[in-house]
S.K.: 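The following block contains the structure, expressed as structure tokens.
What you see is a predicted model; the values in this text were computed from it and never measured. Counting starts at 1 for both ligands and their atoms, following the listed order. One is the number of the first residue; the rest follow in order along the sequence.
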Amino acid sequence: MPLKRSEKTTMPVREALARAHDFEEVNEGYSGFHAEFEAERCLRCQDPVCVNGCPVSVPIPEFIHAVKVGDMAGAAKILRSANPLPAICGRVCPQESQCEAECSMTLRFNPVAIGHLERYVADWERSQPPSVSAKLTRKEKIAVIGAGPSGLVCAGELARLGYPVTIYEALHAPGGVLRYGIPEFRLPKEVLDWEIGLLKAMGVEIICNVIIGKTITLDELLNKLGYSAVFIGTGAGLPQFLGIPGENLNGVMSANEFLTRVNLMKGYDADADTPVHVGKTVAVIGAGNTAMDAVRTAMRMGAERAMIVYRRSQKEMGARVEEYHHAMEEGVEMNWLTNPLEIIDDGEGWVSGLRCQKMELGEPDSSGRARPIPIEGSEFVLPAENVILAIGTTPNPLLTRTTAGLSVNKKGCVLADEKTGLTSKALVYAGGDAVTGAATVILAAGAGKRAAHAVHEELAKRTAQ
Ligand code: FAD
Ligand code: SF4
């Protein structure tokens, strides 16, 4: 199809029916021709408002201009100056509500495809020999708890500033949600492994299978193991449940459990230690990114009917628009305005269906979204052999409960200064989902970066005294 200046250059994708049954990446990436054409669409506005839409203020017109003139090394350098995880963010950022929502082109046409261009530049960078610059110049050791995007970025920044850094990770592989949550068909693990390889080349040590708060405590890191400061990047991995009858039946899982078992523990392999059984019909409750990942994974695991069940409408869903479109193309069924009331027992302790009620939308509630109201007499049963809950997560209290003097809010999120990440405990910083509750990769990465600089400032001040 001929490309048009008024329209965003479409991302080439794999054919829906073929891709819906394997875990290969769906998006194929721009060619050089696509990228140059799309870069030409950028207006280079005097006041580039797209930059305000990006949580880490990527110099968007500058990196796009570098693509336009063929200076890929320059584009990669500009991008990385603001965003430490460009290949990941180019793939998973909700651009439609961030940078691209602000793009001046949206006044008349489609926005510039900032995310697709970001991915193009970052993938070019990955095809080059890695350039690593970090020199140990500081004596103070820093501990980072959690190897998700906030912890990885914090560790990378501190290593660049000259500190010896150790990341302690509870699971057996680093990456956090990027490893165990977001599936391979959206974010290939080789992209994550490349970033982690850079950190290791900079001297960052990653120790897996260590739960801080259980294996060792945070206070022991500071007082016994000699760390001068600690960054908490433990995320929000504790799943929430609805509290409806039947949630303890066989065949019911949280999306976190389901995705972790498939992505991290090879649950798709019948010979794995904990294989995942997926029935012919799977209902996923929720409509955020986690729900879309779970439903599309269920389809790839063999479900013949994979369904979203959500009590509001498509307008209120939290998933990235691209994920929603891809799910629809792959044949996922959407049950909007449908509230689950009970998970039905087949008589032998396994799930056989989901009793639901239809809803209609009323006035906005405290979240600002239209309130779903039950419609009398509209109950019905959806057949389902698995029910997967993707209705939100909160921080795991394990670390906070075992750390004296660390303040949390009512939801269990660590209280930390917005600019520096400093918590109620001296020399202990925090960022990412552990502080904000479930949010986004770029917000977590930004918080990790800010905290690294705050740690550096504090330690430099203490050395100077
Ligand atoms: P996490 O990524 O959760 O990492 C925390 C790490 O800390 C984990 O590895 C955990 O094992 C470890 N840990 C926890 N407790 C301890 C402890 N006591 N000791 C040692 N280690 C510990 N965001 C987007 O921007 N775009 C998307 O498309 C998107 N899709 C998503 C899909 C899914 C399925 C999920 C679950 C989330 C998605 N998100 C998405 C959200 C995004 O992934 C998170 O906001 C982000 O990963 C948060 O980063 P973090 O570093 O704070 O925590
Ligand atoms: Fe847009 Fe995310 Fe890149 Fe910022 S980091 S420019 S929000 S894609």
S.K.: Begin from the C-alpha positions of L221 and T217 and carry the test side-chain contact (heavy atoms from CB on, under 4.5 Å) through to its verdict.
M.R.: CA-CA 7 Å; L221 290 175; T217 64; over 6 Å; no

S.K.: Any nitrogen or oxygen of A170, main chain or side chain, under 3.5 Å from a nitrogen or oxygen of ligand 1?
M.R.: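 Yes; at least one N/O pair falls below 3.5 Å.
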
S.K.: Check whether any side-chain heavy atom of E96 sits under 4.5 Å from a side-chain heavy atom of R320, and report yes or no.
M.R.: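 They are in contact (side-chain heavy atoms under 4.5 Å apart), so the answer is yes.
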
S.K.: Can you name the residues that form a side chain to side chain contact (heavy atoms under 4.5 Å, CB included) with D22, not counting sequence neighbours?
M.R.: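 Residues passing side chain to side chain contact (heavy atoms under 4.5 Å, CB included) with D22: R14, E24.
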
S.K.: At under 4.0 Å between heavy atoms, is it the side chain or the backbone of K214 that contacts ligand 1, or both, or neither?
M.R.: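 Neither part.
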
S.K.: What atoms of ligand 1 come within less than 4.0 Å of a heavy atom belonging to Y168?
M.R.: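 Counting from 1, the qualifying ligand atoms are 20 (C), 21 (N).
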
S.K.: Taking E25 first and then R91, would you say they form a salt bridge - that is, a charged N and a carboxylate O separated by under 4.0 Å?
M.R.: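 A salt bridge is present here (some side-chain N lies under 4.0 Å from a carboxylate O).
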
S.K.: What protein heavy atom sits nearest atom 11 (O) of ligand 1, and how far off is it?
M.R.: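 Result for atom 11 (O) of ligand 1: E169 OE2, 2.7 Å.
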
S.K.: Which residue and atom name correspond to the protein heavy atom nearest atom 7 (O) of ligand 1, and how close is it?
M.R.: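 In this structure, atom 7 (O) of ligand 1 has G146 CA, 3.2 Å as its nearest protein heavy atom.
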
S.K.: Is it true that T260 and E257 share a donor-acceptor pair across their side chains at a distance under 3.5 Å?
M.R.: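 Note: E257 and T260 side chains miss the donor-acceptor criterion.
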
S.K.: Answer yes or no: is there an ion pair linking K224 with E220, defined by an N-O contact shorter than 4.0 Å?
M.R.: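 Yes, K224 and E220 are salt-bridged.
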
S.K.: Should you measure from each heavy atom of G432, which atoms of ligand 1 turn up under 4.0 Å away?
M.R.: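 This gives 52 (O) as the contact atoms.
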
S.K.: Please could you name the atoms of ligand 2 that P55 approaches to less than 4.0 Å, counting only its heavy atoms?
M.R.: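 Result: 7 (S).
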
S.K.: Under 3.5 Å between some N or O of ligand 1 and some N or O of V441?
M.R.: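 Yes.
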
S.K.: Relative to atom 19 (N) of ligand 1, which among L218, I212, V153 owns the nearest non-hydrogen atom?
M.R.: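 Comparing heavy atoms across L218, I212, V153, the nearest one to atom 19 (N) of ligand 1 lies in I212.
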
S.K.: Specify the protein heavy atom at minimum distance from atom 5 (S) of ligand 2: its residue, its atom name, and the distance to 0.1 Å.
M.R.: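 Protein heavy atom at minimum distance: N83 ND2, 3.4 Å.
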
S.K.: Considering T403, D433, N256 one by one, which has a heavy atom nearer to atom 48 (C) of ligand 1 than any of the others?
M.R.: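 Considering heavy atoms of T403, D433, N256, the nearest to atom 48 (C) of ligand 1 sits in D433.
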
S.K.: Side chains of M317 and W336: closer than 4.5 Å at any heavy-atom pair?
M.R.: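 The answer is yes; the side chains approach within 4.5 Å.
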
S.K.: Check this for me: R401, atom CZ, are more than 12 non-hydrogen atoms of other residues, nucleotides or ligands nearer than 6.0 Å?
M.R.: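 Open: at most 12 neighbouring heavy atoms sit under 6.0 Å from CZ of R401.
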
S.K.: Salt bridge between D193 and R126, side-chain N to carboxylate O under 4.0 Å?
M.R.: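 No, no charged N to carboxylate O under 4.0 Å.
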
S.K.: What protein heavy atom lies closest to atom 43 (O) of ligand 1? Include the residue and the distance to one decimal.
M.R.: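 For atom 43 (O) of ligand 1, the nearest protein heavy atom comes out as V177 CG1, 3.1 Å.
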
S.K.: Measure the distance from atom 27 (C) of ligand 1 to every protein heavy atom, then report the residue, atom name and distance (to 0.1 Å) of the closest one.
M.R.: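 In this structure, atom 27 (C) of ligand 1 has V92 O, 3.4 Å as its nearest protein heavy atom.
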
S.K.: Can you list the ligand 1 atoms lying under 4.0 Å from a non-hydrogen atom of S150?
M.R.: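 This gives 50 (P), 51 (O), 52 (O) as the contact atoms.
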
S.K.: Which residue supplies the protein heavy atom nearest to atom 49 (O) of ligand 1, what is that atom called, and how far is it?
M.R.: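 For atom 49 (O) of ligand 1, the nearest protein heavy atom is P149 CG, 3.3 Å.
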
S.K.: If you measure from each non-hydrogen atom of I211 to ligand 1, which part falls under 4.0 Å: side chain, backbone, both or neither?
M.R.: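 Both backbone and side chain.
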
S.K.: Near atom 1 (Fe) of ligand 2, which protein N/O/S atoms fall under 2.8 Å?
M.R.: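 Those protein N, O or S atoms (cut-off: under 2.8 Å from atom 1 (Fe) of ligand 2) are C99 SG.
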
S.K.: Is the shortest side-chain heavy-atom distance between F231 and S150 below 4.5 Å?
M.R.: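 The answer is yes; the side chains approach within 4.5 Å.
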
S.K.: Considering heavy atoms of the protein only, find what lies nearest to atom 4 (O) of ligand 1 and give residue, atom and distance to 0.1 Å.
M.R.: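 So the nearest neighbour among protein heavy atoms is G148 CA, 3.3 Å.
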
S.K.: Is the closest side-chain donor-acceptor distance between T166 and Y227 under 3.5 Å?
M.R.: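 Judged by distance alone, the side chains do pair up.
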
S.K.: Looking only at heavy atoms, is any part of R320 under 4.0 Å from ligand 1, and if so is it the side chain, the backbone, or both, or is it neither?
M.R.: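 The side chain, only.
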
S.K.: Could you tell me, atom by atom, which parts of ligand 1 come under 4.0 Å of a heavy atom of V210?
M.R.: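 Checking each atom against V210, I get 19 (N), 20 (C).
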
S.K.: Could E323 and R186 be called an ion pair, given the rule that one side-chain N must be under 4.0 Å from one carboxylate O?
M.R.: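 Between R186 and E323 there is a salt bridge, with a charged N closer than 4.0 Å to a carboxylate O.
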
S.K.: Among protein heavy atoms, which lies nearest atom 28 (O) of ligand 1, and at what distance?
M.R.: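 Minimum-distance protein heavy atom for atom 28 (O) of ligand 1 reads R186 NH1, 2.8 Å.
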
S.K.: Between E125 and R80, does at least one N-O distance fall below 4.0 Å, as a salt bridge requires?
M.R.: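 So E125 pairs with R80 through a salt bridge.
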
S.K.: Any nitrogen or oxygen of A439, main chain or side chain, under 3.5 Å from a nitrogen or oxygen of ligand 1?
M.R.: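 A439 vs ligand 1: N/O contact under 3.5 Å present.
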
S.K.: Check step by step if side-chain contact (heavy atoms from CB on, under 4.5 Å) holds for N335 and E333.
M.R.: CA-CA 7 Å; N335 294 283; E333 206 178 294; 4.0 Å; yes

S.K.: Answer yes or no: is there a side-chain heavy-atom contact under 4.5 Å between D123 and Y30?
M.R.: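 Contact flag for D123/Y30 side chains = no.
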
S.K.: For ligand 1, indicate whether the residue L259 contacts it via side chain, backbone, both or neither (heavy-atom separation under 4.0 Å).
M.R.: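 L259 to ligand 1: side-chain contact only, backbone stays beyond 4.0 Å.
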
S.K.: Between R19 and E330, is there a salt bridge with N-O shorter than 4.0 Å?
M.R.: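 Salt bridge: yes.
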
S.K.: How about Y163 and H456: are their ring centroids closer than 6.0 Å?
M.R.: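 They qualify: ring centres under 6.0 Å apart.
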
S.K.: Quick one: nearest non-hydrogen protein atom to atom 14 (C) of ligand 1, plus distance?
M.R.: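 Here the nearest protein heavy atom works out to T234 O, 3.2 Å.
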
S.K.: Compute the shortest N/O to N/O distance between T290 and ligand 1 and return yes if it is under 3.5 Å, no if not.
M.R.: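 No.
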
S.K.: Check D293 against ligand 1 and report side chain, backbone, both or neither, counting heavy atoms closer than 4.0 Å.
M.R.: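 Under 4.0 Å from ligand 1, D293 contributes side-chain atoms alone.
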
S.K.: What I'd like to find out is whether the side chain of V309 reaches to under 4.5 Å of the side chain of V284, using heavy atoms alone.
M.R.: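 In short, these two side chains do not touch, never coming nearer than 4.5 Å.
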
S.K.: Hey, does A434 come in under 3.5 Å of ligand 1, counting only N/O atoms on both sides?
M.R.: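 A434 vs ligand 1: no N/O contact under 3.5 Å.
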
S.K.: Using side-chain heavy atoms (C-beta onward) and a distance below 4.5 Å, is K8 in contact with F109?
M.R.: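 No; the side chains remain at least 4.5 Å from each other.
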
